[in-house]
Amino acid sequence: MKRLLWQSFESRERIIIFYMDRQHRVTERYIRVLEMHDESLLAYCYFRKEVRSFRIENILSAGTAGRRVGA
């Protein structure tokens, strides 16, 4: 998974993650990684339409985003 996060960072490509927030809710997010740190990453979140911070340990899975209609 970290390899895919680094790939998004290096290529500036959008990926999809399934993320568990502080209230233990799982959300699906399309992001583009802007910065990588040891325990977190900074990414543009297409759902919130803003830059957000994500704890790497709370990312349950990640994958390539592909193309969506209207994206």
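Computed from a predicted structure; not experimentally measured.
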| CA sep, side-chain torsions, deciding dist, call: Tyr46, Arg32, side-chain contact (heavy atoms from CB on, under 4.5 Å) | CA-CA 8 Å; Tyr46 290 90; Arg32 182 172 42 89; 3.6 Å; yes

| field | CD on Glu28 to CG on Leu60, rounded to 0.5 Å | value | 12.0 Å

| request: State yes or no: do Leu34 and Ile16 share one hydrophobic cluster built from I, L, V, M, F, W and Y residues joined by side-chain heavy-atom distances below 4.5 Å, directly or via other members? | output: yes

| remark: Minimal heavy-atom distance between Cys45 and Arg29, with the atoms involved, is SG-NH1, 3.5 Å

| said: If the condition is ring-ring contact (aromatic ring centres under 6.0 Å, His included), which residues does Phe18 pass it with, not counting sequence neighbours? | reply: none

| task | Kindly give the cluster partners of Trp6, where membership spreads through any ILVMFWY side chain lying under 4.5 Å from a current member. | result | Met1, Leu4, Leu5, Phe9, Ile15, Ile17, Tyr19, Ile31, Val33, Met36, Leu41, Phe54, Ile56, Ile59

| query | Do you know which two heavy atoms are closest between Glu13 and Ser8, and how far apart they sit? | reply | O-OG, 2.7 Å

| task | With rounding to the nearest 0.5 Å, note down the distance linking NE2 in His37 to CG in Leu42. | result | 6.0 Å

| Thinking salt bridges, do Arg55 and Glu57 make one under a 4.0 Å N-O criterion? | yes

| In this structure, are over 12 heavy atoms from other groups packed under 6.0 Å from Glu50 atom CD? | yes

